[in-house]
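Counting begins at 1 with the first residue of the sequence. What you see is a predicted model, and the numbers here were worked out from it, not measured in a lab.
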Amino acid sequence: MSNVNHNKMYVATYKEILLGFIVFCVILVILYPKESLTKQVLSEQSNYDLSVLYLKNMLKNDPSNETLMLTLAKQAFQAKKKDLSFKLLRLLRNSQKREIREKAYQLSYKIAKEDYLYLRRKNKTTAFIQKYTQLQNIFNIIISQHLYKESDIVRLYKESYFVNNKKDSYLLVQKLLQKRPYDVKLLGDAFYLSYKLKDYAQSMLYLDKLAVQDKANRKKWLDESYFLLTKHYSYKETESYIISHAQNSPYWSKKLISFYLQHKQYKKVSQLYMNQFQNTTSYAKRRKYWFKAIAVLQAGGELKSAVRLGYRYENYFILDKRASTMLLKLYISANDLKRANALSQKLLQMKR
């Protein structure tokens, strides 16, 4: 039977590990020039613990080197040493160099978000509320100080909803619309955000664009426009807007009538019907609009104006039984017996 040499397991002590690390560093310094060694450590992507130890030693000799501090913060984060990473980043967020501040705040946000999600999963209510506030503050600084690149905007726009910051969401969606001005989703977001922030002038502009670009939901956006006008604009502003759009839009023509009725402007409604009367040559349509113009004056208690309008077209509709009957009732209801009698005489003579 052959002899088997069983090797005993050997566990190194902390002193031996530290000694081994020091020896390793000495060998590296001897074998590599300082710049080459630094470059290698800065690009290390596997042994983060080793990188953290080496970077700490490098910072002892060069404590003001912000590039080293930022790299150490990144490596510490990768090595799950978040406290060390966040401590370094807090210092770097005050850097005079914009590029350093940008990277420091971006990484700070990432760490704070991970901590927040962890605390929320663990139902540590007080802690995760405090962390969420910290997260919001970091995000707001990133946006307000423009500590981001153009390529970051889409990601940051999504994050703005995560931190529930409508002002930053609005600012970012406007930047996105500069590159994608016809994007219906972005236009819709911009409308709702502008409305929430009471930027009603911009809200109207976004609604105008949505009514053109989002044809499938055109009526929805037009209804939103009308609601916004009647809710947040003055009478004159609303009237002016609707009139300018009513010339080429059946939707706004109807809304102008609704608007005037809402404000009891019966004479203006009557005039709108008479404008439609003038714009058609169809006898049936003319009679319809004339009837409506008179009816709205009657409903508003404007009997004298209704009588005048009826009398103006009395001869035009004299041969129409429905029209003449309506006029007789109108004259009598207005106690204008003279006109009622004269119309009756005309009708009797026509029967002879």
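- Rounded to the nearest 0.5 Å, atoms CG (L256) and CD (Q247) are 10.5 Å apart.
- The side-chain heavy atoms of L172 and L176, taken from C-beta on, include no pair separated by under 4.5 Å.
- A 4.5 Å side-chain heavy-atom check between V296 and L261 finds at least one atom pair inside the cut-off.
- Within 6.0 Å of the NZ atom in K346, the count of heavy atoms belonging to other residues, nucleotides or ligands exceeds 12.
- Between K103 and E99, at least one side-chain N (NZ, or NE/NH1/NH2) sits under 4.0 Å from a carboxylate O, which counts as a salt bridge.
- Between D336 and R339 there is a salt bridge, with a side-chain nitrogen of the basic residue lying less than 4.0 Å from a carboxylate oxygen of the acidic one.
- Judged by distance alone, the side chain of S160 and the main-chain N or O of D168 form no donor-acceptor pair under 3.5 Å.
- L88 and A73 make their closest contact through CD1-N, 3.8 Å (heavy atoms, listed as atom of the first residue, atom of the second, distance).
- When all heavy atoms of I332 and A340 are compared, the closest pair comes out as CG1-CB, 4.1 Å.
- Distance alone, capped at 3.5 Å, places no donor-acceptor pair between the R93 side chain and the A104 backbone.
- Without hydrogens or angle criteria, N279 side chain to N275 main chain gives a donor-acceptor distance under 3.5 Å.
- Panel note: side chain S169, backbone N165; a donor-acceptor pair is recorded below 3.5 Å.
- Counting non-hydrogen atoms of other residues, nucleotides and ligands closer than 6.0 Å to NZ of K268 gives a total above 12.
- The side-chain heavy atoms of L197 and Y192, taken from C-beta on, include no pair separated by under 4.5 Å.
- One N or O on the side chain of S258 and one on the backbone of K254 form a donor-acceptor pair closer than 3.5 Å.
- Atoms CG and CD, from L330 and Q298 in turn, are 5.0 Å apart once rounded to the nearest 0.5 Å.
- Between L156 and F139, the closest side-chain pair of non-hydrogen atoms falls below 4.5 Å.
- Using bins of under 30°, 30° to 60° and over 60° for the plane-to-plane angle, the ring pair F227/Y195 lands in the tilted bin.
- For the side chain to side chain donor-acceptor pair (under 3.5 Å) test, residues two or more places apart in sequence or in another chain that qualify with D199 are Y170.
- Between F259 and Y235, a ring centre-to-centre spacing shorter than 6.0 Å is recorded.
- Relative to the six-membered ring of F277, R286 meets both conditions, a distance below 6.0 Å and an angle of at most 45° to the axis.
- The minimum heavy-atom distance between L84 and A76, with the atom names listed, is CD2-CB, 3.9 Å.
- In the displayed structure, K82 atom NZ is contacted under 6.0 Å by more than 12 heavy atoms of other residues, nucleotides or ligands.
- A donor-acceptor pair under 3.5 Å links the side-chain atoms of N137 to the main chain of T133, judged by distance alone.
- Between the T71 side chain and the T67 main chain, a donor and an acceptor come within less than 3.5 Å of each other.
- We find the CE-CG distance between M204 and D208 to be 5.5 Å, quoted to the nearest 0.5 Å.
- Here CD of Q106 is found 9.5 Å from OH of Y109. Values are rounded to the nearest 0.5 Å.
- Hydrophobic clustering of Ile, Leu, Val, Met, Phe, Trp and Tyr side chains at less than 4.5 Å, counting indirect connections, unites Y313 with I294.
- Counted within 6.0 Å of OH on Y311, heavy atoms from surrounding residues, nucleotides or ligands total 12 or fewer; the atom is thus considered open.
- Ring-plane geometry between Y241 and H245 is classed as parallel, the angle between the planes falling under 30 degrees on a 0 to 90 degree scale with a further cut at 60.
- With F317 as the aromatic partner, R287 does not meet the cation-pi criteria of under 6.0 angstrom to the ring centre and within 45 degrees of the ring axis.
- The number of heavy-atom neighbours closer than 6.0 Å to CD of Q262, taken from other residues, nucleotides and ligands shown, is above 12.
- The side chain to side chain donor-acceptor pair (under 3.5 Å) analysis of residues 173-182, with sequence neighbours excluded, yields the pairs R180-D183.
- Side-chain contact check for L319 versus M350: some heavy-atom pair is nearer than 4.5 Å.
- Neither V212 nor L205 shares a network with the other; the hydrophobic side chains, linked directly or stepwise wherever heavy atoms of I, L, V, M, F, W or Y lie under 4.5 Å apart, form separate groups for each.
- Rounded to the nearest 0.5 angstrom, L70 CG and L107 CG are separated by 7.5 Å.
- The hydrophobic cluster containing L337 does not contain L348, counting ILVMFWY residues as joined when their side-chain heavy atoms lie under 4.5 angstrom apart, directly or transitively.
- L92 is not listed as a side-chain neighbour of R101, based on a closest heavy-atom distance of 4.5 Å or more.
- Considering every non-hydrogen atom in both S324 and L343, the closest pair reads O-CD2, 3.8 Å.
- A cation-pi arrangement, defined by a distance under 6.0 Å to the six-membered ring centre and an angle within 45 degrees of its axis, is present between K131 and F86.
- In this pair, W221 and F191 present their aromatic rings perpendicular. The plane angle is above 60°, beyond the 30 to 60° band.
- Judged purely by atom type and a 3.5 angstrom limit, D214 has no side-chain atom pairing as donor or acceptor with the backbone of A211.
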- request: Show your working on side-chain hydrogen bond (donor to acceptor under 3.5 Å, both in side chains) between Y260 and Q271 and close with a plain yes or no.
  value: CA-CA 11 Å; Y260 282 144; Q271 185 56 54; over 6 Å; no

message: Would D223 and K219 count as a salt bridge (Lys or Arg N to Asp or Glu O under 4.0 Å) here? Give the steps.
response: CA-CA 6 Å; D223 287 343; K219 187 178 183 303; 2.8 Å; yes

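- Q136 places a side-chain N or O within donor-acceptor distance of the main-chain N or O of V163, the cut-off being under 3.5 Å.
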Audit row: Y206, L177, side-chain contact (heavy atoms from CB on, under 4.5 Å) steps and yes/no: CA-CA 11 Å; Y206 291 129; L177 279 169; 3.8 Å; yes

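- Side-chain atoms of W252 and S225, non-hydrogen and from C-beta on, do get closer than 4.5 Å to each other.
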Chi angles and distances behind the salt bridge (Lys or Arg N to Asp or Glu O under 4.0 Å) call for E102, R98: CA-CA 6 Å; E102 177 184 321; R98 183 187 171 283; 3.0 Å; yes

- prompt: Between D152 and R155, does a salt bridge (Lys or Arg N to Asp or Glu O under 4.0 Å) hold up when you go through it step by step?
  reply: CA-CA 5 Å; D152 296 328; R155 175 179 58 81; 3.5 Å; yes

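- For the pair S249 (side chain) and A246 (backbone), a donor-acceptor distance under 3.5 Å is absent.
- When side chains are defined from C-beta on, L327 counts as touching Y331, because their heavy atoms get closer than 4.5 Å.
- Hydrophobic clustering keeps Y273 apart from L303 (ILVMFWY residues linked when any side-chain heavy atoms are closer than 4.5 Å, directly or through intermediates).
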message: Walk me through whether S305 and R308 qualify under side-chain hydrogen bond (donor to acceptor under 3.5 Å, both in side chains).
response: CA-CA 5 Å; S305 296; R308 283 196 297 271; 3.2 Å; yes

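- Ring planes of Y132 and Y116: tilted class, angle from 30 to 60°.
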